[in-house]
Amino acid sequence: MDLLADYLWLIIALPLAGAVALHFGGKFLPEPLPGIAAAGAIGTAFLIAAAAFVPLATGDAEPHVLMLWDWMPGLGAAFEIRWDQLSALMTLIITGVGTLIHIYSIGYMHGDPRFSRFFTYLNLFAASMLTLVLANNYAMMFVGWELVGLCSYLLISFWFTRPSAAAAGKKAFVVNRIGDFAFIVGLMLIFTQFGSLTMSETVLVHPGEVLSPGTATAIAILFLIGAAGKSAQIPLYVWLPDAMEGPTPVSALIHAATMVTAGVYLIARNAAIFELSPVALPIVATVGAATALVAALIAVGQNDIKKVLAYSTVSQLGYMFLAIGSAGYVAGVFHLMTHAFFKALLFLGAGSVIHGMHEEQDMRKMGGLRKAMPITHATMLVATLAIAGIFPFAGFFSKDEILAAAFANGGYYLVLWGVGLFTAFLTAFYMTRQYIMVFWGKPRWVEGLTPHESSLWMTVPLMVLAVLSAGAGFLNTPQLHTLEDYLEPVFEALNPAHLESELPRILGMDGLAFGLAIVSLGVAVIGIGSALFVYARSS
Amino acid sequence: MSDLIWSAIAPEILLVIVAALVLVVEVWKRPPLKSMALLIGAGLAGTWAAWFLQFSRLQDLVELGSPGALAFNGMVVSDGTSVIAELILLVILTLGVALAWPMLAEIGQRSAETLVLMFLATSGFMFLVASANLVMAFIGLEVGSISLYVLAAVARKSRLADEAAMKYFLLGSFASAVFIYGVALLYAGSGSVSIDALAVFNGRIIVSPGVLYVSMAMLVVGVLFKVTAAPFHAWAPDVYQGSAAGVVGFMAASAKVGGFVALVRIVGITFVRFSVDWRPALAAIAALSIVLGTLLALSQTDFRRMLAYSGVAHAGFILVGVAAGRSATESILFYLAVYTVQLVAAFGIAAMVSGPTSSGSPFSSYKGLASRSPLMAAGLAVTMLGMSGMPITSGFIGKLGVFRSAWAQGLEWVVVVALVASVAAFFFYLRVIVDMYMRDADEDTADVPDEPPVAGRLAIAVAVVITILFGLYPAPLLDLIRNVVS
Amino acid sequence: MAGPTPYMALAFILFVIGATGLLTRRNALIMFMSVELMLNAVNLTFVAAGRAIGNFTGQISVFFVLVVAAAEVVIGLAIIVAVFQKRNSASVDELSEMKG
Amino acid sequence: MDFPMLSVLILVPVLAAVIVMVLPANRTELHLPVALVLSLLPVGLAGVLFARFESAAGFQFVEQAALIERWGISWHLGIDGIALPLILLTTVLVPISIAASTSIAKSPQLFLAMVLLLEAGLIGVFSALDLIVFFVFFEAILIPMYFIIGIWGSENRIYAAIKFFLYTAFGSALMLAGIIALSVLQQQKTGFASFDYNELLTLEIAPGTQAWLFAVFGIAFAIKVPMFPVHTWLPDAHVQAPTAGSVLLAGVMLKLGTYGFLRFNLPLFPDAAVKYAPVVATLAVIGIVYGAAVAIVQTDLKKLVAYSSVSHLGFIMLGIVAFTQSGLDGGVIQMVNHGITTGALFLLVGMLYERRHTKLIADFGGLQKTMPIFAGVFLFSTFASIGLPGLNGFVGEFLVLVGSYATRPVFAIIATAGVVLAAIYLLWAYERVFTGEPDKPENVNVPDLNLRETLIFVPLIILILTLGLYPKVLLNRIEPSTAAIIDRIEATTDFVEPTFVIGEPSE
């Protein structure tokens, strides 16, 4: 019934093959063929993933593991693909958003002497990320984990002749490596405890049969550090803002859809281990909340259009950590998804602006662009509203669920909820600020500059993403928990004993959930309002 | 007496006869050197044949279960040790003559004398290694030594040659006197000068038992002088540097073979009962020789002086074997065989590099030799590696055998000292290689003929073959030794 | 008749004198004579011991030693003369061109 | 006896060396191609070995013939799963080194002969089962390497060559004392002398004796590895050596030390091995961190790679003294991996030197623009060296880390830090050499890799990927042999390898 089950490896292999082919043959192809080939590779992967996803979602197919080949038998390390609800969803996000970014890049990288090389890296990046999320083995996961680090290195320092780009790429890799250090130690612990690196049922669902809470805490903390490196959490977030040295589609790919979500995915995947530990989840939540707040505060003061988004990304990732730390796994994954849409949109929109402004990134030299770039403006507006958390845009629902999850845990988590709420205010504030500085007011352009709208290669993906950013929230409203039902098999067995209250699914039934939603919406509105008050007046 | 076994001294006798013939022919006809070569070649061939005769007789004896035969009323013995030692001496003589040839051409009329002296010296040392009587040994020693004193001075143009001969003579005769005084004291103690005097000793000590100890010390010291063991080595560097280049290898090598075999007999037979007493002393001398020789060799600027000091160290290595006792005899003979051949070759190459009558051979002459004469450089490099005891050379096998025996006899500390010193020794052995291969010639460098003469090539080839072949597959030589030395 | 001891003691003294002379004097001729003295001390020992023991080995040995000594005289003097001809001196202190 | 594969494998390079030497000296265009073709023969033979090797414990392709019977020395050869990969590595690296030696101007014949002799010696070391034969090869390879460094090296080559020689010779001298002592011990216990590995394995050695024998063998091998603090010869030797020398030195010769530990120290002296493993592990970890830390501050590219070897070899040692299956497996496979990746890096540095006649990092900059292929290969090798999963370096390091974590968690965790440091020093070097604009005029027109040079890297890259993704080809063959070593340690000491069974809690 599931004809694709044995061909899931194609999802990784296609972009990988694209990368290899472009690496050796790309330079013989004229523009834009390499880009089309690369986009085709990942697009096909998306189609396959979607085709395999449908039976899974409808319940016609069971999650399953596809063994590819043995790697290090002594460690139980093998290449095996895990196709379950979580990995399938991640795959769709990665390939889907990835395809759009590929297409966008065809326009964005137009004229770059290393045009085809860029797509080589993009494809490799996608393959790496897919390896990470599809792995059913910690060793294979680590392959993807490291390869995305490598690709980020390659992509961030893509314009290697700029010393700052080269340094930023190296910084990203090295900081990631610090996280990897913890990850490797975590893997050692996993192996010594479980005797294998395969993600067996025991590991993912009943680790308590083997692990003591102390060991579970150790593993959880180590994974958290690893995740913090990849997902740019305090204190390992330092690489991400620098990483804006890369071409803008790279920022979209790395910081919206793929690499930075790896940490969130890791923790969600190993939620059972985190739950076994009495302290791990609160720590995750605290790190998340703190990161969200600090990054948001920094974002308020940025003038570089991409830096704002960079810190915004860090902040939103903090949100996801907060969600998962509150045992709101679905909320976390949900936000991961919506964030992928609107943040990709924001970055690509910003790229479009930068492109139109002839590589100008300083928002103080923009303004009044809404007429020059109508499509970009419109899509950016959608994205801004989505990230700010305005009903009915996607961000509203996912953010609301996170805050509700934090709130529902009560006790200490109420503080985190407060922090999250304040961050929501800040988010709305700085995003509005950015929107106004870029698109409204008088043009503050450098003399002789004539901004123009970008080509269709770029605007079409913007529009698609805008639709997704606007509508994806309805996948999981409090009343219509499609995503929650879908992901239930992955998280159903989890029941963190040390968290005070039940997960707040039932919250939707009573007025409290509605009240919380109103509060967060209100906070967002206040944020937008204050930004308008401060910036709209001055311009 | 029915034990006039002529075969036991056949090589010695032949050598003397050839020497006499050469003298007569020289005085009578004054033939050119080329014709002389014929006579010398025939003489050497005859001596080789005589040696084979002796060897095959010995093999028959060994198969009958006898270790060897005494001859001439217990004056000489034909056993494995003597036969192998005579073989080594014969090889040295053959190589020595080949390598001395360029010098002979240069010194003209004294060339015949040189050959005679070489033959006589060899015959003397052969008598020494074959002697079963200490007075006999003394005579052999002196015949050999006195010939060498003269050989040292044979290149009379050089001031250093005279100086070398003088020093060699004075210290050599001193050593001989010490040796023979030891014989006299042994006689006073035991009433016999036979080499197994104490083995058959009936217990009547004429003077006091202490005399035997003094005698032992005297005999050993006398021989140690000849083999340049520290602290009796002072003469060696000057002599090896100053003597005529063409024969110095022969001088050094043959004296060492004779001396060491005599030493093996003296400590292994004469004083075997006293081994508790002499073993630590010999071990100490061995260690001292190794350390001192190595350290002093490090600071030399002249290749031949370096070889002299390295010889001191080698004397120490062999003494390690001597101290280990009879079990090491075959290793000592193996060691002597390969080391002395290497020594002859090394001095021979030095003579080719610095000139056949030169005194000294400064390191600077060797710079860039590899590009000027690859053959000589390769030969010398192999020889140096062999001397250093590098594995894959026979030098390693020699050392291994000696060390093995010593370790089994409880002389672990000497072995460790020797091993450490042998590492330090790489410094000076490699130094030559560095000069030859890794530096370029400069104004200090002597002019060297592009390729060595035929005889020289032959000698180099023999040394290389012995060094490498017996390093990789030592069994033939070891078996040869073992089959006759029981 | 006295035992061999006094003769041997005398021989020992002679030998030591000879050895000392060889090692301390600087004139080649005197050093050479010291060697001769040592050899004669050996001869005395042989004779004394031989007489005490009662066999002829010692006395026969003396002949050999004498012969060897004679040979040494010939060679030794020749070398000394050769050196003297070149340098007008027989002092070993002047024979120090080689160092190391 | 079967066809003496191993003897032939040793003999072929020797004959090749002879053939190269007797080629006419003035036909310089012949020397390198002939040597290259001849050096491919051992690759084929090694391939046969590989194909016919059975994944089982014990020695295969054994041949034995007496050399010196009364001393108990015999020409005893045989390989197990530990030796096999190293022999393969040797045979592969030699043709590559030869192909990379076109710039040797001074007596190329001698150079090529030395490389081939070195190969013979290396194969001999890895296949010797008699301690004397082993020692002979172990020492003998010093000679060609000494010449390679001393004759064809750069300015300070003589100093480096002698330092290299004496350091290693010193260790070997100590080991020889140990070998002699072992055989004497054997003779005292059994009445017949023997240097045979299998014979000596049956000796029961008193713990006190084991301790000092372990020490002398250990010091000899530690110098070769080189472990901290006896590593100081390595940077000199590497910096001065010509490219082929560096490749073979780092690629294979360093492995003699680690191989020796595995072959001799562990099985022969298990008691002492267990007792002193913490000492070795400490030095290994110091080496990992120290090597990496020193590499960071290097200004000379070649020295940087050299110090990275100190760090990487530390991993191997750590794995070896972990006494776990994964640790040992990782150690062995890391030997191969390090040989390949560091070999590639040295080749690259050498090619860079040929073009620019400098190795100072500061003299470069922006080279990625002028020589993109070169930069790509360099980056690839760099990541292999850093231990990027999917490339070979990771497999070894990861096995080592996980394996040693089981018995020595603290050491393993500190060692993991070396993984981070490796990224720092290598990527920083890459950044300084390749990125930015080529602002120095001499960096603007540096030719990129030509076809020959590119082809040199093809086999290396294939190996890096193969071993990175499918190390089982080697692991299969390694495992029985390493398992045998652990079994032996367990049988003779009270050490027990921790086992990991799914579902059972372990402490």
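Chain A is the first sequence line, chain B the second, and so forth, proteins listed ahead of strands; every chain is numbered from 1.
For B:Ser176, the part lying near chain C is the side chain, with the backbone staying farther off; criterion is any non-hydrogen pair under 4.5 Å. The contact between C:Ala19 and chain B is made by backbone and side chain atoms together, counting heavy-atom distances below 4.5 Å. Residue B:Phe169 touches chain C through its side chain alone, counting heavy-atom pairs closer than 4.5 Å. Contacts between B:Tyr181 and chain C at a heavy-atom distance below 4.5 Å involve backbone atoms as well as side-chain atoms. Interface remark: B:Met218 contributes side-chain atoms only to the contact with chain C (heavy atom separation under 4.5 Å). Neither the backbone nor the side chain of B:Val143 has a heavy atom closer than 4.5 Å to any heavy atom of chain C. Neither the backbone nor the side chain of B:Ala153 comes within less than 4.5 Å of any heavy atom of chain C. Contact annotation for B:Val214: neither backbone nor side-chain heavy atoms come within less than 4.5 Å of a heavy atom of chain C.
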Worksheet item: Please walk me through it: do B:Arg304 and B:Gln241 pass side-chain hydrogen bond (donor to acceptor under 3.5 Å, both in side chains)?
Response: CA-CA 5 Å; B:Arg304 278 159 62 178; B:Gln241 185 190 345; over 6 Å; no
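Ring-centre distance between B:Phe428 and B:Tyr309: not below the 6.0 Å cut-off. Separation of the B:Phe225 and B:Phe179 ring centroids does not fall under the 6.0 Å cut-off.
Within 6.0 Å of the CZ atom in B:Phe72, the count of heavy atoms belonging to other residues, nucleotides or ligands exceeds 12.
Across B:Val178, B:Leu171, B:Leu185, B:Thr301, the residue that shares the most heavy-atom pairs under 4.5 angstrom with chain C is B:Val178.
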